Amino acid sequence: MNQPTETLIAPPIAKQIPKVLSHHEDERIDSYYWLRDKEDEAVIEHLKAENTYTKSMLKHTEPLQEVLFHEIKSRIKETDMSVPYQRDDYFYYARMEEGKNYPFYCRKKGSVEAEEEVMLNVNELAEGHSYYTISQYSISANQQIMAYGVDLKGDRKSTVYFKDLRTGELLEDSLTDIAQFTWANDDRHFFYTTYDDAMRTNKVYRHVLGTPIEDDVLIFEENDVTFDAYVSRTLSKEYIFIGTYSKTATEIWFIPTHSPTTAPQLVQKRSPKHEYHVYQYDDKFYLLTNHNAQNFKLMETPISSPSQENWTEVIPHRKDVLLDDLKIFKDYLVLVEFKDGLPHIRIKSWAGDRDDYLPFKDPTYIADLRHNYNFDTEWLRFNYESLTRPDSVYHFNMKTKELVLLKRQEVLGDFDPKNYVSERIYAEAADGKKIPISLVYRKGIEKNGENPTYLTAYGAYGINYEPYFSSIRLSFLDRGMVYAIAHIRGGQELGRAWYEDGKFLNKKNSFTDFISCSEHLIKTAYTKQQKLVIQGGSAGGLLMGAVMNLRPDLFKGIIAQVPFVDVLTTMLD
């Protein structure tokens, strides 16, 4: 459907007001600097003009928009609940009710069949607020006190409240402008991080319930402005970890939870380009480290003396496999490994009588570990989804190999995954590298170059663009659209080298990879230039800005969502 020419209006053109910016003895001109002031009436008027233009250009699609909105909404089950996960003798979950905008956080004692205890009804708490989010919650070791963070602005700063779950009453304690937090084991000592003026988490404090916040003890401060700090507790509840990290390096300290006032002890001193993560089992720490191991390896070391000279190799480095994540259980070590751009879950027994992988059959998919909080168990919980299969939660018995589907995201209506096809294909980059493309479409479409195609990517910070399922996407697939994800360099799908080959002086590879993927979809007759629309958000919006300048002829439309295109000014702000 084409827009009638008599209703077209001229697009608003932002005025140019040259502004000289000086940094590091260098001057540059920014003619659009004035647009940064969101309170300026001229900025507001320009945004109104943009909105008016958009509405005018899309007016002819309003009937279709209405159809799509109701179609999409009709597939969503509004009354729903998450799969309960066990933590000690309670089962925790969240649920939604039709017509309500916020969740109920609940638990049941001893069994999922037990009586429900509503810990927080966020709908009641949010009354009178234009914005209300529970940023995090944490339950004390005795499971009787709930600490929860409330964000009223969307600025990541939370106020932490403490609720006695036995009485339902709030304690007098409250902590403001908090980033994240965790408990010690005595149900009194509480650790949290705060932000500096640049929104960097740089300090870790210890609070004692029932005492003024002014008496809280600063136990760690990160003075390097390139590092952020965090605090967490191990699965065994035996240690508090204080971590500090930059984009390329890590340093981690630990405190025994049975002695929360002990001074933090260092695991391994930071060094340039050394990243590591620490896990604990009995009297040993396990380190996922990239020391002389680009794709990471697993080492063990005694907690009594964890420095690098005492490391012993558990899982060696492999050039073609990225060791991405792990969970330690009493009898099993579970690893998440990326090979050929796809995740694989590997299960090893400490006894040495098992070392194999869970079987996944889709050509492109997501598989990860979530909500495994019990150390002494044979059951592994994992999530699995693909472009054609909704998110599914499984239990897998690591001893008997029994697989149990706990829940699959319900899609209302006549959805059947057999009506859709997913593929993993490869485009050849300018330097010969093979770039994976995950795509999905309705079964029966012809590869004749006439299919409207939506190609998206991110390609930054080593973040993988996962081939997730979307019920919203179905409305477009059913109308003949091809949906594709370009797994370009800058992400980490094909290992650490894939990330490093798309950053710093290699960043242009992200852009040219995306162009190669676009050209490949056209060459293989999935679509043509006049029917190819591309999309990227944030760092993916930077990608959109680059490719629209490099190859404006290649795309029919470009969606740049919150594009990070004013990089110099933003990073120097």
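If you read the sequence from its start, that first residue is 1, and numbering goes on from there. Predicted model only: the values in this text are computed from it and were never measured. The figures that follow rest on heavy atoms only: side chains count, while hydrogens, waters and symmetry mates do not.
Although no hydrogens or angles enter the test, the distance criterion places no donor-acceptor pair under 3.5 Å between the side chain of N451 and the main chain of K447. Looking only at distances, no side-chain donor or acceptor of S516 sits under 3.5 Å from a matching main-chain atom of A427. N464 places a side-chain N or O within donor-acceptor distance of the main-chain N or O of Q492, the cut-off being under 3.5 Å.
E446 CD: 12 or fewer foreign heavy atoms inside a 6.0 Å radius. Atom CZ of F504 has 12 or fewer neighbouring heavy atoms from other residues, nucleotides or ligands inside a 6.0 Å radius.
Between E222 and R270 there is a salt bridge, since a side-chain N of the basic residue sits under 4.0 Å from a carboxylate O of the acidic one. The pair D414-R75 does not count as a salt bridge, with every side-chain nitrogen at least 4.0 angstrom from each carboxylate oxygen. Between D362 and R389 a salt bridge is recorded (basic side-chain N to carboxylate O distance below 4.0 Å). Taking the charged nitrogens against the carboxylate oxygens, E493 and K339 have no contact shorter than 4.0 Å, which rules out a salt bridge. At a threshold of 4.0 Å, the pair R346-D355 counts as salt-bridged, since one of the basic side-chain nitrogens sits closer than that to a carboxylate oxygen. Under a 4.0 Å N-O distance rule, the pair R318/E337 qualifies as a salt bridge. Remark: D478 does not engage R473 in a salt bridge, criterion side-chain N to carboxylate O under 4.0 Å. For D553 and R551, the salt-bridge test passes: some basic side-chain N is under 4.0 Å from an acidic carboxylate O. Taking the charged nitrogens against the carboxylate oxygens, E428 and K523 have no contact shorter than 4.0 Å, which rules out a salt bridge.
Relative to the ring axis of Y195, R200 does not place its NZ or CZ within 45° and under 6.0 Å from the centre. A cation-pi geometry, defined here as NZ or CZ lying under 6.0 Å from the six-membered ring centre and within 45° of its normal, does not hold between K19 and W34.
Listed by chain and number, the residues in a side-chain contact (heavy atoms from CB on, under 4.5 Å) with K556 amount to none (sequence neighbours excluded). Partners of T193 according to the side-chain contact (heavy atoms from CB on, under 4.5 Å) rule, which considers only residues two or more places apart in sequence or in another chain, are A179, Q180, T201, V204, V231. Under the side-chain contact (heavy atoms from CB on, under 4.5 Å) criterion, N506 pairs with D501, N509, sequence neighbours left out. For K38, there are no side-chain contact (heavy atoms from CB on, under 4.5 Å) partners at least two apart in sequence or on another chain.
Of the N and O atoms on the side chains of E275 and T250, not one donor lies less than 3.5 Å from an acceptor on the other residue. The closest side-chain donor-acceptor pair between D566 and T569 falls under 3.5 angstrom. Side-chain contact check for Y230 and S232: no donor-acceptor pair (N or O, by modelled atom type) lies under 3.5 Å. In summary, the side chains of E251 and Q268 do not present any donor paired with an acceptor at a separation below 3.5 Å, with no hydrogens or angles considered.
Ring centroid separation for the pair F382 and F396 does not come in under the 6.0 Å cut-off. Ring centroid separation for the pair Y276 and H274 comes in under the 6.0 Å cut-off.
The list of ring-ring contact (aromatic ring centres under 6.0 Å, His included) pairs with a residue in residues 459-478, not counting sequence neighbours, reads F415-F469. Within the structure, the ring-ring contact (aromatic ring centres under 6.0 Å, His included) test picks out the following pairs touching residues 428-460 (sequence neighbours left out): Y454-Y483.
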